Amino acid sequence: MHGVMDTTSGRGEVRCSRPTAETLRVELVGHWRGPDEVPALTGVEQALEAAPGVQRLTLATTALSGWDSGLVTWLLDLLALAERRQLVVERDGLPSGLQRLLHLATAVPERQGARRETSRAPVLDRIGLATLALMASVGDLLGFIGDAVFALGAFLRGRARFRRVEFILLIQECGVQALPIVTLICFLVGAILAFIGAVQLAMFGAQIYVANLVGMAMVLEMGAMMTAIIMAGRTGAAFAAQLGTMTVNEEIDALTTLGLSPMEFLVVPRLLALVTMMPLLTLYGDLLGILGGGLIGVTVLGISPVEYFNQTRGALTLSACAQGLIKGSVYGMLVALAGCLRGMQCGRSAAAVGQAATSAVVTGIVCIITASALLTVIFFRVW
Amino acid sequence: MAMTPADAHITVNQLTMAYGSFVIQRDLSFTVRRGDIFIIMGGSGCGKSTLLRHLIGLRAPAAGEVLIDGESFWAASAEAQDRVKRRFGVLFQSGALWSSMTLAENVALPLEQYTDWSPARIHKLVALKLALVGLAGFEDYYPSQISGGMQKRAGLARAMALDPDILFFDEPSAGLDPISSRLLDELILELRDSLGATVVVVTHELASIFAIGNNSVFLDADTKTMIAGGDPKQLRDTCPDPKVRTFLTRGVESGKPA
């Protein structure tokens with residue numbers, strides 16, 4: 001249908017002539033196939049400007065050696081131009097393949113309202129819509145938390161339905177498998193804290209207090225927070241992607257139609273897995289951070305290992321450790337909730353799964369930092 | 001209130017379906033009799049699958065009611081709804097197998113959740129259901145390891161796990177070759193006759209419609225309501241609405257190219 005295959009480049013040309021005063025003959029010549037841009041309509045327009053009496057366009061071809069969809073778009077533009085100028089168009093001179101394509105392209109009129117309006121709403125409208133969307137999302141969040149609480153209640157009464165095997169796999173996924181990355185990050189954070197602290201404390205000749213600084217910072221906050229941020233990026237995103245994909249595949253619908261609550265079946269085990277594993281990971285992270293600080297203390301500051309150990313042990317209190325572990329559990333709960341919420345809200349496309357994973361990480365980290373600020377103040381006042 | 005015959009299994013009464021303020025279909029009223037193979041048909045995008053989602057309890061109607069065995073589904077308590085839903089078997093368009101479980105685990109899950117049978121007994125039943133759909137020996141495969149047609153059949157095995165009263169099929173022949181699609185039709189007929197189940201099928205596959213359907217509803221996207229109902233073969237021959245006849249004859253009868 002596209003004529004002969006031809007590898008020569010360059011577009012053909014348009015020749016206009018006027019066999020009678022009322023007729024403009026538009027002749028397509030040469031090669032209309034290939035990567036080059038089709039010529040503009042200006043030639044025909046100029047010819048029409050020059051001859052105001054023209055009533056009809058006659059289309060013809062001479063030695064048209066090849067053509068592709070580019071020519072069809074050119075002809076459609078020409079037809080639109082002719083319609084604006086109320087000219088009669090004679091297409092009989094075109095190859096039959098071209099005529100059929102033109103007929104197909106114009107056979108179904110554009111559906112009214114199908115084309116999307118792309119006008120931008122005024123600023124106030126957009127602010128209003130964004131506010132409404134925000135309120136709706138807060139509503140969704142609260143609804144989700146409520147459902148999760150009910151599902152957890154069902155679990156505590158021993159009535160939640162989920163697969164134990166899956167729970168054990170989840171424990172493994174967000175426990176043991178997270179150890180390497182937690183090791184690396186917490187060790188380095190401890191070392192960095194020690195380094196920064198050492199420079200400041202050296203001004204007072206109090207390098208030994210690096211052990212206090214690192215120990216308290218890790219145990220009170222950094223251990224829990226760094227672990228939580230790692231888990232938000234690792235496990236929260238994974239939860240959102242898993243649940244999102246299940247939504248896309250109608251797997252969640254399949255659960256619901258069986259009378260199984262996705263909340264109990266999918267969200268509760270994830271929530272429990274992260275809430276039980278986070279304190280353990282936090283404790284492990286604390287230890288690694290102290291080791292990292294110790295390494296710097298011993299090698300760079302010349303504190304003996306025993307001295308560093310004793311200093312750390314003197315600085316840490318049980319209540320500080322407990323505060324850190326409570327924070328760890330709370331962050332774990334938030335990360336799991338954010339991941340599951342975004343996963344369950346996921347739309348029904350591949351792109352939506354990606355957005356759900358991204359959004360789970362962002363929501364998770366925002367929640368972690370906000371909760372950290374709140375908990376620190378609360379512990380400071382109450383404890 | 002529409003008249004409900006004694007053997008009515010599902011009755012839909014003045015049902016209106018909407019996403020927010022966007023109405024998809026309004027004023028749908030029809031009855032699925034016990035033992036029917038009921039076809040929900042209509043052009044693409046007319047709301048067939050959405051109607052199915054209303055029938056299986058995934059979407060609440062904007063107005064109207066769905067009666068299962070004479071009980072209004074949406075007026076019932078959550079527990080009662082769960083009890084009714086347990087009598088449904090649903091085959092989703094893509095199979096919707098749980099991808100983290102093997103085929104055997106997929107079929108076993110409903111049994112494990114709703115019976116206190118021994119693992120050995122469940123294992124036997126699972127093997128039977130998979131054998132019924134021609135998947136004997138595939139127990140330990142994961143859904144991603146088998147073809148699309150096999151996933152669909154495995155989905156059917158799962159839908160049959162609890163010996164349902166009503167089987168719902170969402171576009172069962174979509175993505176299947178003509179032979180697999182015919183085999184699936186025969187399987188549906190076989191199941192209806194052997195299990196005594198009522199079958200509701202969403203499809204626009206004409207061959208299937210005439211091969212298995214004995215009752216139907218035709219949804220129209222333009223008028224946003226049902227424009228015909230009854231035996232598809234009779235509709236093809238005698239329906240007064242040319243739109244329905246055109247659909248059921250692929251546009252050949254009315255002389256208009258489809």
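Each chain gets a letter, A, B and so on, in the order the sequences are listed, and its residues count up from 1. Nothing here was measured: the structure is a model prediction, and the numbers come from that model.
- Counting heavy-atom pairs under 4.5 Å between each of Ala159(B), Ser99(B), Ser94(B), Gly57(B) and chain A puts Ser99(B) at the top.
- Neither the backbone nor the side chain of Gln242(A) has a heavy atom closer than 4.5 Å to any heavy atom of chain B.
- Proximity to chain A (any heavy atom under 4.5 Å) is shown, for Ile56(B), by both the backbone and the side chain.
- When all heavy atoms are compared, the tightest approach of Ala96(B) to Ala254(A) is O-CB, 3.9 Å.
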Taking it one step at a time, do Phe92(B) and Thr257(A) satisfy side-chain contact (heavy atoms from CB on, under 4.5 Å)?
-> CA-CA 11 Å; Phe92(B) 289 91; Thr257(A) 46; 4.0 Å; yes
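- Sparse packing is recorded around CZ of Arg26(B), with 12 or fewer heavy atoms of other residues, nucleotides or ligands lying under 6.0 Å away.
- The 12-atom threshold is not exceeded at CD of Glu71(B), counting heavy atoms of other residues, nucleotides or ligands nearer than 6.0 Å.
- Contact of Arg83(B) with chain A is not made at all, since no heavy-atom distance falls under 4.5 Å.
- For residues 100-118 of chain B, the interface with chain A (any heavy-atom pair closer than 4.5 Å) comprises Ser100(B), Met101(B), Glu105(B), Leu109(B), Pro110(B), Gln113(B), Tyr114(B), sorted by residue number.
- Within a 6.0 Å radius of CG in Leu142(A), other residues, nucleotides and ligands contribute more than 12 heavy atoms.
- Only the side chain of Arg53(B) has a heavy atom closer than 4.5 Å to any heavy atom of chain A.
- Residue Leu169(A) does not touch chain B at all, counting heavy-atom pairs closer than 4.5 Å.
- Scanning both residues, Leu258(A) and Arg86(B), for their nearest heavy atoms gives O-CG, 4.1 Å.
- The candidate from Asp253(A), Val248(A), Ile252(A), Leu255(A) with the greatest count of non-hydrogen atom pairs under 4.5 Å with chain B is Asp253(A).
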